[in-house]
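Note sheet for the following structure.
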Amino acid sequence: MVIVCHSLGGIIVKQALCVANKQFHRYRSIVNAIAGIIFLSTPHRYADKAACAVRFREILEATMGRGSKVTNAIIEREGTILLDLADRFEGISLRTPMLSAYELRESRISSTPLRPKYQQVSTESLIESQY
């Protein structure tokens, strides 16, 4: 099985794999069936805490809907949860190849450009691979 996930779907996959790792005896057959994981525009960890806060704000603003006020308290609370998940995911020992990719150029939907703040603009490597 190859898991392909996009954006916040990647966060769901990470959480599911952390649960599966913790309860390996229960989910062994599923974990062992995973031949690879492809993350498309999934937020991962950023070395800079300020960059994390900016990305988390962008994600929350994109998912909460128009007119929703994303306060610094919300960013702190939700960001802490995402960072905890990133730590837990990095701590599990999957022997599964993983690929992470994201766009570096502006995308268009129906000739309307996406706002730059909703695009991945990280200067980290375009493709990260773990084995």
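Checked options Thr96, Asn32, Ile30; the residue passing with Met1 is Ile30 (criterion: side chain to side chain contact (heavy atoms under 4.5 Å, CB included)).
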(Q) Assess the residue pair Arg88 and Lys14 against the criterion (side-chain contact (heavy atoms from CB on, under 4.5 Å)); give the C-alpha distance rounded to whole Å, side-chain angles, the decisive distance to 0.1 Å, and a yes or no. (A) CA-CA 9 Å; Arg88 287 185 292 123; Lys14 287 180 182 183; over 6 Å; no
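Under the 4.5 Å side-chain contact rule for hydrophobic residues, Val2 and Leu40 share a cluster. Tracing side-chain contacts under 4.5 Å through hydrophobic residues (I, L, V, M, F, W, Y), one reaches Val19 starting from Phe39; they form part of the same cluster. Neither Ile12 nor Val4 shares a network with the other; the hydrophobic side chains, linked directly or stepwise wherever heavy atoms of I, L, V, M, F, W or Y lie under 4.5 Å apart, form separate groups for each.
When all heavy atoms of Phe89 and Ile92 are compared, the pair lying nearest together is O-CG1, 3.1 Å. Of all non-hydrogen atoms in Thr42 and Cys5, the two that sit nearest each other are OG1-O, 4.0 Å. For the residue pair Ala35 and Pro97, the shortest heavy atom distance occurs at O-CD, 3.3 Å.
Side-chain contact check for Ile34 versus Leu94: every heavy-atom pair is 4.5 Å or farther apart.
Note that CG of Leu85 is 9.5 Å distant from CD of Glu90, once rounded to the nearest 0.5 Å. Atom CD1 of residue Ile3 and atom CE of residue Met98 lie 10.0 Å apart, to the nearest 0.5 angstrom. The distance from atom OH of Tyr27 to atom CG of Asn21, rounded to the nearest 0.5 Å, is 12.5 Å. Here the CG-CD1 distance, from Asp84 to Ile81, works out to 8.5 Å after rounding to the nearest 0.5 Å.
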